[in-house]
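Indexing begins at 1, ligand by ligand and atom by atom, following the structure's order.
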Amino acid sequence: MATENVQGKPNYGIDAPGLLGFFFIAGAVALTISLVILFSSTFGQIPKIIGGVLFGIAATYLLGMGCFMLYGSKVMKLKDREKLLDLVQWSGSEFVLDVGCGRGLMLIGAAKRLTSGKAIGIDLWQQEDQANNSSDAALSNAEVEGVTERVEIKTADMRQLPFPDDSFDAVVSSWAVHNLEAETDREKALDEIIRVLKPNGIVVLSDIVYQLEYAKYFELRGMTNIRLYNNAIRDVILKAVTFGSFAPSAVLAYKSA
Ligand SMILES: C[S@@+](CC[C@H](N)C(=O)[O-])C[C@H]1O[C@@H](n2cnc3c(N)ncnc32)[C@H](O)[C@@H]1O
């Protein structure tokens with residue numbers, strides 16, 4: 001029996017809480033400095049305006065990034081989940097794996113589309129990647145969403161999946177693989193995803209960076225019908241304002257028969 005989430009609403013958590021905290025604290029500091037400069041009598045008029053405006057711009061950017069990260073975790077990711085899972089032709093009997101399931105976002109979204117199938121989530125529960133993630137938190141969300149009997153959670157590393165070859169009809173993942181810093185580790189995770197997929201199985205790999213790297217690697221490994229699913233305008237804007245570090249989109253691909 002899960003122990004969290006008694007209010008009747010799922011809570012899919014906040015990603016990268018350390019970075020989020022940095023943006024809000026640094027933004028508040030920059031805003032304070034900007035106001036102190038603007039209202040101080042120590043500086044002349046021109047240095048006051050230049051200093052105040054520069055720190056004001058920095059504060060706006062940092063606080064904006066913080067707000068945007070919150071929006072990403074709490075709103076954007078949930079909307080993207082529905083759009084992405086709707087791209088899969090579900091029969092209801094699928095076996096689905098969610099790689100880096102966290103508090104169960106994709107896992108539960110997939111489970112809601114199943115009738116006789118099962119959705120399994122794996123994670124290492126790294127708190128720096130998502131606040132308060134745990135198998136209990138994921139199970140609690142599954143309970144709230146009414147899919148407990150179709151969900152299973154395991155603790156495992158995505159670079160070494162504890163499943164036999166050709167186990168899953170679909171592998172889904174959201175904002176998880178980029179947490180592996182080394183490209184070779186990300187490739188290990190992709191190799192594992194391909195290994196556990198059944199022939200003709202589909203992978204829906206959503207992330208905030210490295211999507212082209214994933215698509216190229218899938219091609220190298222013989223996956224078929226590889227396509228990038230994104231919102232082109234959102235992609236351009238986000239890449240520009242975050243210097244390419246945060247532009248969610250997904251790669252879809254099939255394992256050849
Ligand atoms: C940003 S969170 C996203 C969680 C969830 N997929 C979502 O969209 O809400 C990334 C997740 O990947 C997990 N993770 C990071 N490295 C992992 C690894 N090597 N194996 C399994 N999970 C990992 C973290 O613990 C974290 O829960």
When you measure from [atom] to every protein heavy atom, which one gives the shortest distance, and what is it?
| atom | answer |
| --- | --- |
| atom 22 (N) of ligand 1 | Leu124 N, 3.4 Å |
| atom 12 (O) of ligand 1 | Ala176 CB, 3.6 Å |
| atom 17 (C) of ligand 1 | Met158 CE, 3.5 Å |

Against heavy atoms of [X], which atoms of ligand 1 measure under 4.0 Å?
| X | value |
| --- | --- |
| Asp157 | 18 (C), 19 (N), 20 (N) |
| Leu180 | 19 (N) |
| Trp175 | 1 (C), 2 (S), 3 (C), 10 (C) |
| Trp125 | 25 (O) |

Is it the side chain, the backbone, both or neither of [X] that has a heavy atom closer than 4.0 Å to ligand 1?
| X | result |
| --- | --- |
| Asn179 | side chain |
| Cys101 | backbone |
| Asp98 | neither |
| Ala156 | backbone |
| Leu105 | side chain |

So which of [options] gets nearest to [atom], if we judge by its closest heavy atom?
| atom | options | answer |
| --- | --- | --- |
| atom 25 (O) of ligand 1 | Ile14, Asp123, Asp129 | Asp123 |
| atom 7 (C) of ligand 1 | Lys77, Glu181, Gln126 | Lys77 |
| atom 8 (O) of ligand 1 | Gly104, Ser134, Gly100, Ser174 | Ser174 |

Whether Arg186 engages the ring of Tyr210 as a cation-pi pair (distance to the six-membered ring centre under 6.0 angstrom, angle to the ring normal within 45°) should be assessed. yes
Would you please test Lys77 and Asp15 for side-chain contact (heavy atoms from CB on, under 4.5 Å) and show each step? CA-CA 10 Å; Lys77 209 161 61 159; Asp15 297 329; 2.6 Å; yes
Within this structure, what is the SG-CD1 distance for the pair Cys101 and Ile122, rounded to the nearest 0.5 Å?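 The distance works out to 7.0 Å.
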Give yes or no for whether the N/O distance cutoff of 3.5 Å, strictly under, is met between Gln130 and ligand 1.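 It does: an N or O of Gln130 is found under 3.5 Å from an N or O of ligand 1.
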Should Phe24 and Leu63 be marked as a side-chain contact (heavy atoms from CB on, under 4.5 Å) after you check the CA-CA gap, both sets of side-chain angles, and the distance that decides it? CA-CA 5 Å; Phe24 279 123; Leu63 293 172; 3.9 Å; yes
